[in-house]
Amino acid sequence: MTAWTGGAPAVHIGNVGDFNAQFAGGSPAVRRAGGHYACLAAFYSPDPRILVLPRQVDDFWVRELSRVLEWQDVAVYGAVAGEDGGVAEALRSRPALLERIRRSGLPVITWGRTPESERLLAPPEPTAGAGPGSGSDAGPDVGPDGLGQALRVTRRYESKAAAHRLFCSLAPAHPGIVVPAQERVTSRREAARALAARAAAGATAVVKAEYGVGGYGTTVVTPGRIAEAGGARALAKRLARGAVLIEEYVHGSGPFRNLTFDALVDDGGAVHSVGVGVMDIDGTSYQGVTVGPGAVPDAPAGVAERFAAAVGRALAAEGYRGWYDVDFVMDRAGRLAPVEINLRLTGPAVAFMIQARLARLQGGRPLVRALDRLPLGSRLPAAALADHLREVSRQCRSLGVTLLPTVVTAAFEPDPYVGVALAARTPGALDAAEAVVRSANEALGRMFLDTGVSASGPSSGASPRRTRRARRRRS
């Protein structure tokens, strides 16, 4: 991780919603959805010093993370942006905080590049004068379009169509890589014809929005699904208007079907491999990842690393700098099909940061499993969530597993969930700890039902600890 921050502590800015919204027309709904995921900003590097989040977080969370990861004096700024607002815009209205960030002298890390964050966080030009950018926060690589070169490359290759073209150009030099066929259709009528033709041949297709995050905008379309919808035309009416990508479905199964390889391009353009992980995918939606020794067999890991490094060199040659990953699907023959590039930090990046920090503190390289969206059986306010996480953490420690809360702001949503990361020395210990957490989360609903308290209503503010005491008194 030395190539990431030079080994220094860093400022972490949770602009997940900002990054995603630039590919969705600035949608407020997309920003809101990214607000909870922005909790992952705590793990943008192994050693944060200033943490800026769009939502309010309870003090227990950073205290617990600081205790386990031995962080020193992390300054947390929560509730920086409203649910519909952008973090960069909010920072502009808080000049004292922005000045503290600039004067810290620390690397500033965002989830991903946006025009607002680039302009806001770029250092002022060293010379004064009347020219463009003088005395402003425009960076030296900003062109006439207002975008820096690295941001231009980000926008280019976050497109799944542009990524596919790059994959096709690189694949011939990489045995073990197969690129699925892809076509672009510009209307629902064209989509219906293309899907009907595939269904007639008994083929499954993947329909993708050109831009999407975490599986959003991606739909697997089987011949059976087309029949259930009443035909390809009826199904196509449910797709978004405008252009979509129709891609060949890669058949495969087994524990290593969905792989990812993370790497970074440093300021000098050199590519540094970080590691490979096996992702947990529910349908088309990313849920989490496992990284560490033995998580992925050496053969596919090597294929993924060599290809992802070639992708990084191509990105670097065009001017990209920063973190990226390449996601793969393994087919039945064991070949890897690259399916997208993410030019930003990622869920797996969080697992690698935690692994790096624990390795520094404890030695060795632990296995880390990040689970970003574990359902809760009940809505929990902050104090009750803290009680719950302390208890499951204690149970995990008894198994030799370290639990770190990662996403903690969604526990009182109508569909409540929490994110955690688990670190252990063996896969068996990880599996056992995951089972404990899932079981404890599910038990919350039964706990409140046992006491006659609604698990979803406002009165669910009763803490699990108080509920357990009440149950013991009744017995």
Side-chain angles (χ1 to χ4, degrees), residues 156-186 190-226 232 235-236 239-240 243-261 276-279 281-286 296 299-312 314-315 324-343 346:
R156 185 176 308 141
Y157 289 107
E158 278 284 334
S159 159
K160 292 177 174 59
H164 183 268
R165 290 191 292 271
L166 179 58
F167 295 155
C168 289
S169 70
L170 297 174
H174 292 271
I177 293 290
V178 56
V179 182
Q182 184 189 92
E183 69 173 305
R184 180 187 180 91
V185 298
T186 58
E190 286 185 36
R193 284 200 297 264
L195 292 172
R198 284 163 174 74
T204 295
V206 183
V207 180
K208 296 181 174 182
E210 185 167 357
Y211 296 95
V213 178
Y216 293 107
T218 299
T219 305
V220 176
V221 180
T222 64
R225 183 168 183 177
I226 290 176
L235 182 63
L239 302 176
V244 295
L245 307 173
I246 298 181
E247 192 168 282
E248 175 187 3
Y249 179 75
V250 179
H251 290 275
S253 60
F256 308 112
R257 171 170 168 75
N258 297 292
L259 302 183
T260 185
F261 198 96
V276 65
V278 56
M279 295 184 290
I281 304 292
D282 180 11
T284 61
S285 179
Y286 172 85
V296 178
V303 172
E305 177 175 9
R306 288 187 289 273
F307 187 77
V311 168
L315 298 176
Y324 73 95
D325 82 358
V326 181
D327 292 343
F328 301 87
V329 176
M330 183 183 290
D331 72 7
R332 290 169 176 166
R335 300 174 301 179
L336 297 185
V339 292
E340 67 179 17
I341 311 171
N342 296 303
L343 289 88
T346 64

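Everything numeric in this text was worked out from a predicted model, so none of it was measured.
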* Asked: Heavy-atom distance under 4.5 Å between the side chains of Arg198 and Ile246, does that happen here?
  ->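 Yes, their side chains come closer than 4.5 Å.
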* To the nearest 0.5 Å, how far apart are CD1 in Ile341 and OH in Tyr157? -> 7.5 Å
* To do: Kindly compute the distance separating CG (Leu259) from CG (Leu336), expressed to the nearest 0.5 Å.
  =>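 Spacing of CG (Leu259) from CG (Leu336) equals 6.0 Å.
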Output side-chain donor-acceptor pairs under 3.5 Å for residues 325-333, partner residues at least two apart or in another chain, one line each.
unit_1: Asp325; atom_1: OD1; unit_2: Asn342; atom_2: ND2; d: 2.8
unit_1: Asp325; atom_1: OD2; unit_2: Thr260; atom_2: OG1; d: 3.0
unit_1: Asp327; atom_1: OD1; unit_2: Thr260; atom_2: OG1; d: 2.7
unit_1: Asp327; atom_1: OD2; unit_2: Asn342; atom_2: ND2; d: 3.3
unit_1: Asp331; atom_1: OD1; unit_2: Ala333; atom_2: N; d: 2.9
unit_1: Asp331; atom_1: OD1; unit_2: Gly334; atom_2: N; d: 3.0
unit_1: Asp331; atom_1: OD1; unit_2: Arg335; atom_2: N; d: 2.8
unit_1: Asp331; atom_1: OD2; unit_2: Arg335; atom_2: NE; d: 2.8
unit_1: Asp331; atom_1: OD2; unit_2: Arg335; atom_2: NH2; d: 2.9

* **Side-chain donor or acceptor of His164 paired with backbone N/O of Pro180 under 3.5 Å** =>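 Yes, because the side chain of His164 sits within donor-acceptor range (under 3.5 Å) of the backbone of Pro180.
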* Asked: Hey, does the side chain of Glu158 reach the backbone of Tyr211 with a donor-acceptor pair shorter than 3.5 angstrom?
  -> no
Looking at every non-hydrogen atom in both residues, tell me the closest pair between [X] and [Y] and how far apart they are.
X      : Y      : answer
Leu239 : Ala191 : CD1-CB, 4.2 Å
Ile281 : Tyr286 : CD1-CA, 3.7 Å
Pro255 : Val278 : O-CG2, 2.9 Å
Ala161 : Leu245 : N-CD1, 3.6 Å
Pro172 : Cys168 : CD-O, 3.3 Å
Thr219 : Arg225 : CG2-NH1, 3.1 Å

* How are the rings of Phe167 and Phe307 set relative to one another: parallel (under 30°), tilted (30 to 60°) or perpendicular (over 60°)? ->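 Ring orientation of Phe167 relative to Phe307: tilted.
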* To do: Apply side-chain contact (heavy atoms from CB on, under 4.5 Å) to Val276 and Glu305, showing your working.
  => CA-CA 7 Å; Val276 65; Glu305 177 175 9; over 6 Å; no
Please table the atom pairs, donor to acceptor, closer than 3.5 Å between any side-chain atom in residues 200-210 and protein atoms at least two apart or in another chain.
unit_1: Lys208; atom_1: NZ; unit_2: Glu247; atom_2: OE1; d: 3.4
unit_1: Lys208; atom_1: NZ; unit_2: Glu247; atom_2: OE2; d: 2.9
unit_1: Lys208; atom_1: NZ; unit_2: Val339; atom_2: O; d: 3.3
unit_1: Glu210; atom_1: OE1; unit_2: Arg184; atom_2: NH1; d: 2.9
unit_1: Glu210; atom_1: OE2; unit_2: Ser159; atom_2: OG; d: 2.6

